[in-house]
There are 2 protein chains.
Amino acid sequence: MATIRDIARLTGHSISTVSRAINHSGYVAPETKAKIMAAVKKLDYRPNHIARELSSGRTHRIGLILPSANHPFFHRLVNSISAAALSAGYEVVLLPTNYNRHVEVDRLEELRAHAFDGLIFTSRSNSFDFIMQYADYGPIVCCENTRHYPLSCAYKNRENSFQKTFQRLKAKGYRKIGVTVSRNEYVSASAQATIRAYQRVFGLPLKDELLFRDALTPFDGATAAGEFLAAEPGLEAILANSDEIAAGVYQYCQHHQRQLTLIGQDNELISQLLNFSTIDNHLNDIGSIAFSLLFEKEVKKVLVPATFIERHLPSLHQA
Amino acid sequence: MATIRDIARLTGHSISTVSRAINHSGYVAPETKAKIMAAVKKLDYRPNHIARELSSGRTHRIGLILPSANHPFFHRLVNSISAAALSAGYEVVLLPTNYNRHVEVDRLEELRAHAFDGLIFTSRSNSFDFIMQYADYGPIVCCENTRHYPLSCAYKNRENSFQKTFQRLKAKGYRKIGVTVSRNEYVSASAQATIRAYQRVFGLPLKDELLFRDALTPFDGATAAGEFLAAEPGLEAILANSDEIAAGVYQYCQHHQRQLTLIGQDNELISQLLNFSTIDNHLNDIGSIAFSLLFEKEVKKVLVPATFIERHLPSLHQA
DNA sequence: GTGAAAGCGCTAACAA
DNA sequence: TTGTTAGCGCTTTCAC
């Protein structure tokens, strides 16, 4: 591999002149530049990326923390974030943690070691208090509400969208509703948001038998459906934490000849095909906003409102 | 940010001793090491990642070329490749090209500039001849058959799996079959493989009206179904280039009250939910094998055989 | 066991 | 317009 020194030697010019010529920065006489460019061609020279990073102190690379890439929720975020990064001249490094907090710590340590210019969390296994400690080492943005913590975020308001959804269901005569929530260490926070929304709308607490935690796969959705129906045979609807989970419920209903109104999340293809309602959390927006927040000087929290997409949501009034 | 020099200064030892202590390499007296580690703690020191890369000449980072992240085909590969990378101590950089060959060239140039230790192509917009030129700068692996080119690959044998599928259909009495193929610059190669397989099994050429090119989204699947049925009202089955496309066909059939036997690819959730057959190309295997091939000294080509998953494939003999 | 010093390949401030 | 030089922060060889 030829280095900048080789070019300098071959052309008889100095390293810095070569550098300037290559970077089209500063003054270089046209002939000098031409000569240098010829040498570059001749020696098949290419500036070393890493050396540049070391010199400039910037990597143009951001890290993207996620549990694994096999969940639609993360696909959407990965997609929008990498698209935003591409057009801003950044590259994104996938940092799967498998929900392992130690792996996550390693990634934070890499931020500290200047391996990235910034870090986006699409999920996390450590507390905000812990993550915050790394904010000094580089910009960190979360894709969930960071509340009172001084960390930027682009997020959806779960409680609010659930509340609206429950109101819609209530208006249509629904009373017996099961809810699934996704697994994470903050399950309680998420679940409580749901519970609060339910209570606020229906005036009574969501029964624990109608709350299914740790719903990750369609299979969990089917399990949840089974448990809900065992506890409440008159169940009318299920609000799932994703379209995939809702699809699992759908499958259960097909097998067991049950009718249930389904509401999923994120408007995935499957909700269109199976024709059930879904809460669109606009993950594409969340992703691209999260990326842009990396470059804000101040901590900012951007709420991305959800949209309800109604499909086959029959009224129960006449029932 | 504290540097190794600060630690040296504070402890009164030399940079190299500090380096050895930190890397647990070479001889360092226990007390010296303890003293150094204490200083590391005290100054909140962390070795600079980039400087290490420059010194060692390796990044422990690989680039992953893909058109964009929003296709199940790529999800699977991204997933398995990043999992394999994680356990091997590598990080993966997502390199979306949007099928733009110039963007792809930029990425190859980055390989040349030592930005990555290797490159995996899950799709490509440049010819093998062109890509090959970069093989000197670092290992390159493709997720498609590289044929006679000296480039490693992990791939599925399209023609063979199509042939088996057609044989199965033929045995069940199917004769009128539509086929969709995915868009890429090598459409003709892919389409020809399909056409050859069809011809070999049925003894006559696949009619052009029953071949739909550039199928990318479920919507294309629906369009294909419409066109096929217009050209051949007695159509019996459709072999789609992905489960998503097949799902689009499914949707069309539902709307138009038609019965068609569907065969998708890659055993996505949706094929299970809609209960149609699918060709499992074992993309997870392809991904992890592709990653491991990066580290082989020689060019290797690994064929990953496909599996047929039969679901609701009624026999037409009695019809 | 430890340290001096020479890289790794480049950028940028400053001088000429 | 060009060159000298001092970093960027670390690894590693080779004396001591």
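All values derive from a computational prediction rather than experimental measurement. Naming: A, B, ... by sequence-line order, numbering from 1 per chain.
- Rounded to whole Å, the distance from OH on Y27(B) to P on dC14(D) is 16 Å.
- A salt bridge links E91(B) with R107(A): at least one charged nitrogen is closer than 4.0 Å to a carboxylate oxygen.
- Here the shortest heavy-atom pairing between A290(B) and C143(B) reads CB-SG, 4.0 Å.
- No donor-acceptor contact under 3.5 angstrom links the side chains of E104(B) and Y99(B), judged on distance only.
- Annotation: the span from L283(B) atom CG to H75(B) atom NE2 amounts to 12.0 Å, rounded to 0.5 Å.
- Listed for the S152(A) side chain is no donor-acceptor partner under 3.5 Å among the backbone atoms of K301(A).
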- Protein-proximity profile, nucleotides 7-16 of chain C, B/S/- by nucleotide at the 4.0 Å heavy-atom cutoff, equals BBBBBB----

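- Residue R9(A) contributes atom CZ, which lies 15 Å from atom P of dG3(D) at whole-angstrom precision.
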